Amino acid sequence: MDSDTRLSLWQDKLSQALKQDISQEKRELIANIRTELKSAFFREDTPEQRRLSNSFIDTYLPLVDNAFTYDEKILTFATLADYNKENLDFISSSRAKNKISSDENSDIESRGDCNCSWTCFPTNANCTQGSCSTTSGFGFL
């Protein structure tokens with residue numbers, strides 16, 4: 001998928017999140033992130049671009065960590081699934097079912113494997129048989 005298409009998908013996703021009943025703090029944070037996405041991530045891979053991407057993450061990650069619950073962060077920034085209560089509940093129940101911790105400071109083993117069934121979100125198709133995995137990580141943040 002080309003860079004412009006990926007950018008468009010993420011901007012649409014964040015626009016959808018802005019239409020939800022969320023706090024003003026979250027709304028402003030999402031709007032700022034949406035505005036700065038193109039310059040932060042969706043350009044050629046150069047040393048300068050990597051510096052911009054790292055600066056973007058250093059700036060916004062602490063703000064996102066403080067404003068959003070763990071499951072809200074997954075739904076907002078790590079999946080293109082629709083932003084709605086049903087999908088938020090799905091993330092929570094999938095984490096519980098697969099014993100995936102929300103403690104980001106825990107060790108890798110206790111957090112669970114990123115290639116487990118919850119990466120198939122929201123289809124859950126054949127996930128328990130291990131046919132669904134990711135090597136590119138989750139979302140942009």
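Everything numeric in this text was worked out from a predicted model, so none of it was measured. Heavy-atom basis, side chains included; hydrogens, waters and symmetry copies ignored.
The backbone N or O of Leu75 lies less than 3.5 Å from no partner atom in the side chain of Thr79, so there is not a single donor-acceptor pair.
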Could you go through Ile33 and Val64, starting from their C-alpha distance and side-chain angles, then the distance that decides it, and tell me whether this counts as side-chain contact (heavy atoms from CB on, under 4.5 Å)? CA-CA 10 Å; Ile33 289 171; Val64 167; 3.8 Å; yes

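Qualifying side chain to side chain contact (heavy atoms under 4.5 Å, CB included) partners for Leu7, counting only residues two or more places apart in sequence or in other chains: Gln11, Leu37, Lys38, Phe42. Legend: residues meeting salt bridge (Lys or Arg N to Asp or Glu O under 4.0 Å) with Lys26, ordered by chain and number and at least two apart, are Glu72. Taking the side-chain hydrogen bond (donor to acceptor under 3.5 Å, both in side chains) definition, one finds that Gln16 meets it with Asp82, sequence neighbours left out. For Lys85, the salt bridge (Lys or Arg N to Asp or Glu O under 4.0 Å) criterion is met by Asp89, not counting sequence neighbours. Scanning for side chain to side chain contact (heavy atoms under 4.5 Å, CB included) contacts around Gln49 gives Arg43, Thr46, Leu52, Ser53, with sequence neighbours left out. With sequence neighbours excluded, no residue forms a side-chain hydrogen bond (donor to acceptor under 3.5 Å, both in side chains) with Gln20. Among residues two or more places apart in sequence or in another chain, the side chain to side chain contact (heavy atoms under 4.5 Å, CB included) test is passed with Arg51 by Glu48. With sequence neighbours excluded, the residues forming a ring pair (Phe, Tyr, Trp, His ring centres under 6.0 Å) with Phe68 are Phe77, listed by chain and number. Annotation: side-chain hydrogen bond (donor to acceptor under 3.5 Å, both in side chains) contacts of Ser93 (sequence neighbours excluded): none. In this structure, the side-chain hydrogen bond (donor to acceptor under 3.5 Å, both in side chains) partners of Ser92, at least two apart in sequence or on a different chain, are Asp71.
In this structure, the separation between CZ on Phe90 and CZ on Arg95 is 12.5 Å, given to the nearest 0.5 Å. To the nearest 0.5 Å, the span separating CG on Asn87 from CD1 on Ile74 amounts to 13.0 Å. The distance from the CG atom of Asn32 to the CG atom of Leu14 is 11.5 Å, given to the nearest 0.5 Å.
Closest of all the heavy-atom pairs between Ala31 and Leu18 is N-CD2, 4.0 Å. Closest non-hydrogen pair, Pro62 versus Asp58, comes out as CD-O, 3.3 Å.
Under the 4.5 Å side-chain criterion, counting only non-hydrogen atoms from C-beta, Ile22 is in contact with Tyr83. For the pair Lys73/Asp65, a side-chain contact is recorded, criterion being any heavy-atom separation below 4.5 Å from C-beta on.
Contacts classified as salt bridge (charged side-chain N to carboxylate O under 4.0 Å, His left out) and involving residues 10-20 (residues at least two apart or in different chains) are not found.
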